[in-house]
Amino acid sequence: MYTVSETIDFCYGHRLMEHGGGCGHLHGHNGRAEIVLEAPALDGRSMVEDFDRIGAIAGKWIAETLDHRTLLRRDDPLVALLGKAGEPLHVMEVNPTAEAIARAIFEASREGGLPVAEVRLWETPRSLATYRPDR
């Protein structure tokens, strides 16, 4: 099995509903997504995938959807307030945890045609969440 990965850095803000600690308040992160692609064989160019294509698909989605946006759960009261103020938002069905963000990046990458195996989302230099589907 062959793997390649692309790392994409981005900034985002969020808050977690029902969190009793500091994460229940608006705060920001310098996130790092590692998109891992996997293939049993190389293509005609001897590649799993061209790194430029990973950036064009996953990197573009992250830049347009997550970067410099506030990520909120759909029922967060701040959605209406920040939306009315014209703040850039990305609204999710679930709490915008590192785990949920990793899954969203995975799904967007897969929908873009990449043979993604897993996504790791570094929320801080010491905190990492990984999403990979059951095999």
Side-chain angles (χ1 to χ4, degrees):
M1 190 67 65
Y2 295 93
T3 63
V4 295
S5 64
E6 179 85 2
T7 301
I8 301 165
D9 295 318
F10 64 104
C11 300
Y12 67 97
H14 71 161
R15 79 170 180 169
L16 305 179
M17 301 290 290
E18 291 98 29
H19 190 284
C23 292
H25 302 287
L26 283 176
H27 63 285
H29 294 284
N30 293 316
R32 171 169 280 173
E34 296 178 45
I35 296 98
V36 180
L37 279 56
E38 184 176 87
L42 301 178
D43 67 12
R45 303 165 298 174
S46 296
M47 296 177 166
V48 171
E49 185 59 74
D50 189 297
F51 289 114
D52 287 341
R53 185 162 182 263
I54 301 169
I57 294 170
K60 181 177 187 236
W61 187 85
I62 289 169
E64 292 177 351
T65 309
L66 304 177
D67 191 34
H68 287 89
R69 295 186 181 276
T70 301
L71 284 54
L72 297 171
R73 193 172 75 189
R74 182 166 306 284
D75 63 342
D76 189 317
L78 290 178
V79 170
L81 181 67
L82 294 176
K84 185 177 179 180
E87 290 295 321
L89 299 174
H90 176 66
V91 178
M92 301 176 70
E93 293 300 319
V94 298
N95 256 338
T97 61
E99 297 89 339
I101 297 166
R103 182 173 185 161
I105 295 168
F106 178 96
E107 291 172 352
S109 298
R110 175 79 46 99
E111 288 171 14
L114 296 174
V116 61
E118 71 179 34
V119 171
R120 297 182 190 113
L121 191 283
W122 291 90
E123 188 171 81
T124 71
R126 298 185 322 241
S127 302
L128 165 71
T130 301
Y131 177 78
R132 68 177 160 269
D134 290 335
R135 295 184 188 236

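Model, not experiment: these values are computed from the prediction.
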Using salt bridge (Lys or Arg N to Asp or Glu O under 4.0 Å) as the criterion, list what pairs up with [X], not counting sequence neighbours.
X: R110; value: none
X: D43; value: R45
X: E64; value: K60
X: E107; value: R103

Is [Y] reachable from [X] through a run of hydrophobic residues whose side-chain heavy atoms are each under 4.5 Å from the next?
X: F10; Y: V116; result: yes
X: L42; Y: I54; result: yes
X: L114; Y: I105; result: yes
X: V36; Y: L121; result: no

Go through the structure and list residues passing side-chain hydrogen bond (donor to acceptor under 3.5 Å, both in side chains) with [X], not counting sequence neighbours.
X: R69; value: none
X: S127; value: T124
X: D75; value: R73

Where is the tightest heavy-atom contact between [X] and [Y], given as atom of each residue plus distance?
X: A117; Y: R132; result: O-CB, 3.3 Å
X: A33; Y: I62; result: CB-CD1, 4.0 Å
X: I101; Y: P96; result: CD1-O, 3.6 Å
X: I35; Y: S109; result: CG2-OG, 4.2 Å
X: P77; Y: M17; result: CD-CE, 3.9 Å
X: G112; Y: I57; result: O-CD1, 3.2 Å

Applying ring pair (Phe, Tyr, Trp, His ring centres under 6.0 Å) as the test, list every pair that has at least one member in [range]; sequence neighbours left out.
range: residues 77-106; value: F106-Y131
range: residues 16-42; value: Y12-H29, H14-H27, H14-H29, H27-H29
range: residues 31-80; value: none

Output side-chain donor-acceptor pairs under 3.5 Å for residues 1-9, partner residues at least two apart or in another chain, one line each.
residue	atom	partner	partner atom	Å
D9	OD1	R32	NE	2.6
D9	OD1	R32	NH2	3.2
D9	OD2	R32	NH2	3.0

For L81, the rest of its hydrophobic cluster, which grows through side-chain links under 4.5 angstrom
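Same cluster as L81: L26, L72, L78, V79, L82, L89, V91.
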
Mark yes or no for whether N95, through its side chain, and T97, through its backbone, hold a donor-acceptor pair below 3.5 Å.
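Pair absent, no side-chain N/O of N95 close to backbone of T97.
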
Working to the nearest 0.5 Å, report the span between CG of L71 and CZ of R15.
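The CG atom of L71 sits 13.5 Å away from the CZ atom of R15.
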
Side chain to side chain contact (heavy atoms under 4.5 Å, CB included) between E87 and T70, intermediate numbers included:
CA-CA 8 Å; E87 290 295 321; T70 301; 5.6 Å; no

